[in-house]
Engineer: 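Structure incoming, see below.
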Amino acid sequence: MNSTPSIPVTVVAGFLGAGKTTLLNRMVQRADSGRLAVIVNDFGELNIDAAIIAEVTDAVYSLQNGCICCTVQEDLLAQLVSLSKLRPALERIVIECSGVSDPQRIVQTIGYPQLRNRLHLDAVITLVDASGYQDLEGEMARLSRAQVACADWVLLNKADLVSAEQLQSIRASLGHRAPVFDTVQAELPAELLLTPPVRSTEVLFKALPQAHDELFESWVWKSSRPLQPKALRDWLARLPADLLRLKGLVRLEGNEQPYWLQHVGNRSQFTLATGQPTEHAAQLVFIARRGSDLRQELEAGVSDTQVL
Ligand SMILES: Nc1nc2c(ncn2[C@@H]2O[C@H](COP(=O)(O)OP(=O)(O)OP(=O)(O)O)[C@@H](O)[C@H]2O)c(=O)[nH]1
């Protein structure tokens with residue numbers, strides 16, 4: 001007889017740049033033991049989110065170069081089986097989906113026979129970028145709505161970037177039955193952060209067609225030379241809207257310490273990175289609509305910011 005309690009699994013979803021890693025960081029920092037494991041999926045070839053979370057915990061497992069709801073779904077299953085066998089048993093597993101994942105498929109994976117009795121889904125938490133949600137169109141909007149549709153909680157994040165009226169209008173357009181929290185930097189009261197609601201609904205929504213990650217393309221650009229801060233900022237300010245996400249590690253001229261660079265919508269942010277490898281002065285992941293044909297132009301632009 002199996003006397004080990006089933007491990008709760010929390011799924012964190014949301015469109016590119018909505019604030020999933022920010023939330024995960026908070027969860028990891030609040031968890032007071034090493035019995036919380038996180039699985040981080042990044043659509044790109046480099047797992048920047050996993051590297052950011054590895055600054056605060058060792059219990060981070062990376063699934064990259066594809067979306068866990070389609071191309072690397074089997075890897076997710078294998079990872080969950082292996083985590084469920086760890087002793088002493090984990091207290092919780094948190095999965096950060098890539099920004100292009102349909103969480104419904106991850107919910108299905110957790111229900112597979114191999115995992116039954118070992119772990120169970122306790123909640124899907126979906127983050128919505130309040131500053132960008134209403135600008136999404138076509139397939140991007142459909143994917144974002146699907147992420148919201150299967151959420152047990154919605155975090156209407158980046159509330160600092162929009163007015164109260166805009167928040168109200170997004171809430172109305174979400175039309176969601178589950179609780180919606182307005183958040184800044186994915187900040188939730190401590191007592192809520194690690195106790196998401198027990199899932200009360202079974203699979204209600206049809207998953208999106210398989211391999212919807214084909215809608216997006218991702219590539220990595222690396223440089224052995226640091227970047228020139230002013231030129232980099234000017235280039236960032238001119239990035240086209242079809243570039244959906246840019247993130248990575250950069251060294252700036254005159255600074256020994258590398259920085260995490262994050263770009264979503266028309267906003268860029270630099271934060272100091274600690275303990276990161278320095279074999280490349282810059283490593284950037286680009287995510288764009290497939291077919292937008294931006295690679296050459298963007299790489300030429302960022303190359304021009306390298307220190308001579
Ligand atoms: N102004 C503002 N910025 C935020 C907020 N939450 C997160 N950010 C910033 O938004 C950027 C993206 O945040 P992440 O947590 O990396 O988003 P993500 O959903 O993990 O991104 P992907 O995994 O690439 O889809 C970072 O620069 C964050 O600091 C917020 O509430 N307000």
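Atoms considered below: every heavy atom in the structure, side chains included; atoms not considered: hydrogens, waters and symmetry mates. Numbering of ligands and ligand atoms starts at 1, following listing order.
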Engineer: Backbone, side chain, both or neither: what part of Asp49 comes under 4.0 angstrom of ligand 1, heavy atoms only?
Structural biologist: side chain

Engineer: Between Leu161 and ligand 1, which part of the residue brings a heavy atom under 4.0 Å of the ligand: side chain, backbone, both or neither?
Structural biologist: side chain

Engineer: Please work out whether any backbone atom (N, CA, C, O) or any side-chain heavy atom from C-beta onward of Arg267 is under 4.0 Å from ligand 1, and answer side chain, backbone, both or neither.
Structural biologist: neither

Engineer: Out of all atoms in ligand 1, which are within 4.0 Å of some heavy atom of Asp160? Include the element for each.
Structural biologist: 1 (N), 2 (C), 30 (C), 31 (O), 32 (N)

Engineer: Which distance, rounded to the nearest 0.5 Å, do you find between the CG of Leu127 and the CD of Glu96?
Structural biologist: 9.0 Å

Engineer: Which ligand 1 atoms are under 4.0 Å away from a heavy-atom of Arg245?
Structural biologist: 12 (C), 14 (P), 16 (O), 17 (O), 21 (O), 22 (P), 24 (O)

Engineer: Hey, which atoms in ligand 1 end up nearer than 4.0 Å to a heavy atom of Lys247?
Structural biologist: 22 (P), 23 (O), 24 (O)

Engineer: Return the closest protein heavy atom for atom 17 (O) of ligand 1 as residue, atom name and distance.
Structural biologist: Gly19 N, 3.1 Å

Engineer: Output the distance between atom CD1 (Ile39) and atom CG (Leu83), rounded to the nearest 0.5 Å.
Structural biologist: 5.0 Å

Engineer: Distance from Lys158 atom NZ to Asp129 atom CG, nearest 0.5 Å?
Structural biologist: 4.0 Å

Engineer: What part of Thr22, side chain from CB on, backbone N/CA/C/O, both or neither, has a heavy atom under 4.0 Å from ligand 1?
Structural biologist: both

Engineer: N/O to N/O below 3.5 Å, does that happen between Val264 and ligand 1?
Structural biologist: no

Engineer: Test your reading of the structure: does Val184 have an N or O sitting under 3.5 Å from an N or O of ligand 1?
Structural biologist: no

Engineer: Looking at Arg225 and Gln306, what are the two nearest heavy atoms and their distance?
Structural biologist: NH2-OE1, 3.5 Å

Engineer: Would you mind checking which non-hydrogen protein atom is closest to atom 19 (O) of ligand 1, with the distance to 0.1 Å?
Structural biologist: Lys20 NZ, 2.7 Å

Engineer: Give me the nearest non-hydrogen protein atom to atom 6 (N) of ligand 1 as residue plus atom name, then the distance to 0.1 Å.
Structural biologist: Asn157 ND2, 3.0 Å

Engineer: Over 60° means perpendicular and under 30° means parallel, so tell me whether Trp235 and Phe286 are parallel, tilted or perpendicular.
Structural biologist: perpendicular

Engineer: Just verifying a value: how many Å separate Leu243 CG and Leu239 CG, rounded to the nearest 0.5 Å?
Structural biologist: 5.5 Å

Engineer: Measuring from Phe270:CZ to Gln262:CD, what's the distance to the nearest 0.5 Å?
Structural biologist: 10.5 Å

Engineer: Students should be able to answer this: which protein heavy-atom is nearest to atom 3 (N) of ligand 1, and at what distance?
Structural biologist: Gln185 NE2, 3.6 Å

Engineer: Are Gln114 and Leu77 packed together at the side-chain level, in the sense that at least one heavy-atom pair is separated by less than 4.5 angstrom?
Structural biologist: yes

Engineer: Which residue owns the protein heavy atom closest to atom 27 (O) of ligand 1, what's the atom, and how far is it?
Structural biologist: Gln269 OE1, 2.5 Å

Engineer: Kindly give the heavy-atom pair with the smallest separation between Asp182 and Ala159, and that separation in Å.
Structural biologist: CB-CB, 4.3 Å

Engineer: Is it true that Gly14 lies under 4.0 Å from ligand 1, counting heavy atoms only?
Structural biologist: no

Engineer: Number the atoms of ligand 1 from 1 as they appear, then name those within less than 4.0 Å of a heavy atom of Leu16, with their elements.
Structural biologist: 25 (O)

Engineer: Against heavy atoms of Glu96, which atoms of ligand 1 measure under 4.0 Å?
Structural biologist: 20 (O), 23 (O)

Engineer: For atom 10 (O) of ligand 1, what's the nearest protein heavy-atom neighbour? Residue, atom name and distance, please.
Structural biologist: Lys158 NZ, 3.2 Å

Engineer: How far apart are the closest heavy atoms of Val40 and Ala50, and which atoms are they?
Structural biologist: CG1-N, 3.7 Å

Engineer: Would one find an N or O of Ala18, backbone or side chain, under 3.5 Å from an N or O of ligand 1?
Structural biologist: yes

Engineer: Within this structure, what is the OH-CZ distance for the pair Tyr133 and Arg145, rounded to the nearest 0.5 Å?
Structural biologist: 6.5 Å

Engineer: Strictly below 4.0 Å, N to O, side chains only: are Asp234 and Arg238 in salt-bridge contact?
Structural biologist: no

